[in-house]
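The structure appears below as structure tokens.
A, B, ... follow the sequence lines: proteins, then strands. Residue 1 opens every chain.
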Number of protein chains: 2
Amino acid sequence: MDTALKAIADPKRREILRLVWSSEMPATDIASHFHDVTRSAISQHLGVLRHANLICERRAGNRRLYRANVEEMARLRTFLDQYWSGGLDRLKTAAEAAQQKKENRHG
Amino acid sequence: MDTALKAIADPKRREILRLVWSSEMPATDIASHFHDVTRSAISQHLGVLRHANLICERRAGNRRLYRANVEEMARLRTFLDQYWSGGLDRLKTAAEAAQQKKENRHG
DNA sequence: TTCTTACGTAAGCATTCGCTTACACTATAG
DNA sequence: CTATAGTGTAAGCGAATGCTTACGTAAGAA
């Protein structure tokens, strides 16, 4: 999960994910969207995303078609949502513990 | 925004944020929660979080009390939510464009 | 004042990152 | 077969990261 989080922390990789979110795209097309870096750099970014399981690869003849792994991204989103709500959960747990204590005192 | 994302990509920093989420805590107490690294390392993590505007610092006598900057975290969350829904937006836009085209053909 | 506590920070080091160039490989075209 | 897209990968490099030790400094304690 940490790998995925670190992967999306990079703006280029987020942009790549955007490109292959709703449709698959060959590596060259992906690379040609970035005019400030080499195709090799993008290929390495694709490697990072693949290693984080955030994209899937399909080979078609000469090409490699990429698409976002939406399930993994959903998992990542859920992880973060749980993290955001963690503070509230913590408050809730503390409140319940206090309540329990109170009841024990009174029982 | 990128700074904040990279900041929370680190598990120790996420744990620190958890600690100061619902109540402020002095730096020493924060550091004492981590038994595998030095106080200095935690201090530097606090610096990263501060630089990302994810925590607020308040000085009280000798101590520095930290608490999570929930507004900034909310902003980060919103940013990510928009990112997650970006794929859907893209589909929607594409669908609308197709519809527009269709209407033009028929008009 | 002198000690002690609670911190930030500089220096140094090993690791990782993002990038480039150069090369290797595969599949199709000729 | 040779040539040419399409693509990953190794090597190398400068910058950033995460860590440690050592030091600096401000605020109370004695």
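Here the straight-line distance linking atom CE of M25(A) with atom CD1 of I55(A) works out to 12.5 Å at 0.5 Å rounding. How far CG of L49(B) is from CD1 of I30(B): 9.0 Å, rounded to the nearest 0.5 Å. Taken from CD in E72(B) to CG in N53(B), the straight-line distance is 4.5 Å, to the nearest 0.5 Å.
Side-chain atoms of S43(B) and base atoms of dT9(C) include no donor and acceptor less than 3.5 Å apart. For Q44(A) and dC17(C), a side-chain-to-base donor-acceptor distance below 3.5 Å is absent, hydrogens and geometry of angles not being considered. Counting distance only, with no hydrogens placed and no angle test, the side-chain atoms of S40(A) and the base atoms of dT21(C) include a donor-acceptor pair under 3.5 Å. With hydrogens and angles ignored, no donor-acceptor pair closer than 3.5 Å exists between the side chain of R13(A) and the base of dG18(C).
Among dG8(C), dT7(D), dT21(D), the nucleotide with an atom closest to any side-chain atom of T38(B) is dT21(D). Proximity note for Y66(B) (side chain, C-beta onward) versus dG18(D), dT7(D), dC7(C): the nearest is dC7(C). With distances taken from any side-chain atom of N62(A) to the nucleotides dA6(C), dA5(D), dG8(D), the minimum falls on dA5(D). Comparing atom distances between the P26(B) side chain and each of dC7(C), dT20(D), dG6(D) picks out dC7(C) as nearest. Relative to the side chain of R39(B), the nucleotides dT7(D), dT20(D), dG8(C) differ in distance, and dG8(C) lies closest.
Taking side-chain N and O atoms only, H45(A) has no distance below 4.0 Å to OP1 or OP2 of dC17(C). Look at R64(B) and you won't find any side-chain N or O under 4.0 angstrom from OP1 or OP2 of dC7(C). OP1 or OP2 of dA6(C) has not a single side-chain nitrogen or oxygen of T28(B) nearer than 4.0 Å. Listed pair K12(B) / dC19(D) meets the phosphate criterion, a side-chain N or O lying under 4.0 Å from OP1 or OP2.
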Pair D2(B), R14(A) - check salt bridge (charged side-chain N to carboxylate O under 4.0 Å, His left out), show working.
CA-CA 11 Å; D2(B) 224 52; R14(A) 282 200 305 276; 2.7 Å; yes

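Across all strands, A27(A) comes closer than 4.0 Å only to sugar-phosphate atoms, never to a base (heavy-atom distances). Across all strands, D36(B) comes closer than 4.0 Å only to sugar-phosphate atoms, never to a base (heavy-atom distances).
Scanning residues 53-61 of chain B for heavy-atom distances under 4.0 Å to DNA chain D yields G61(B).
Under the 4.5 Å side-chain heavy-atom criterion for Ile, Leu, Val, Met, Phe, Trp and Tyr, Y83(A) and L5(B) are members of the same hydrophobic cluster. Put simply, V20(A) and V48(A) are part of two different groups of oily side chains (I, L, V, M, F, W, Y) that touch within less than 4.5 Å, one to the next.
Note: NE2 (H51(B)) to P (dT9(C)) measures 12 Å, nearest angstrom. Rounded to a whole Å, the NE2 atom of H35(B) is 14 Å from the P atom of dT20(D). Distance, F34(B) CZ to dG18(D) P: 13 Å, rounded to whole Å. For L46(A) and dT9(D), the CG to P distance is 11 Å, given to the nearest whole Å. One interatomic measurement links the two molecules: CD of E15(B) to P of dG18(D), which rounds to 16 Å at whole-angstrom precision. As rounded to whole Å, 15 Å separates atom C1' of dG8(D) from atom CG of L65(A). Rounding to whole angstrom units, NZ of residue K6(B) and P of dG18(C) are separated by 6 Å. Between E24(B) atom CD and dC7(C) atom C1' there is a gap of 16 Å when expressed in whole angstrom units.
The only member of R64(A), R63(A), R58(A), R67(A) that meets side chain to side chain donor-acceptor pair (under 3.5 Å) when paired with E24(A) is R58(A).
Distance alone, capped at 3.5 Å, places no donor-acceptor pair between the R39(A) side chain and the A31(A) backbone.
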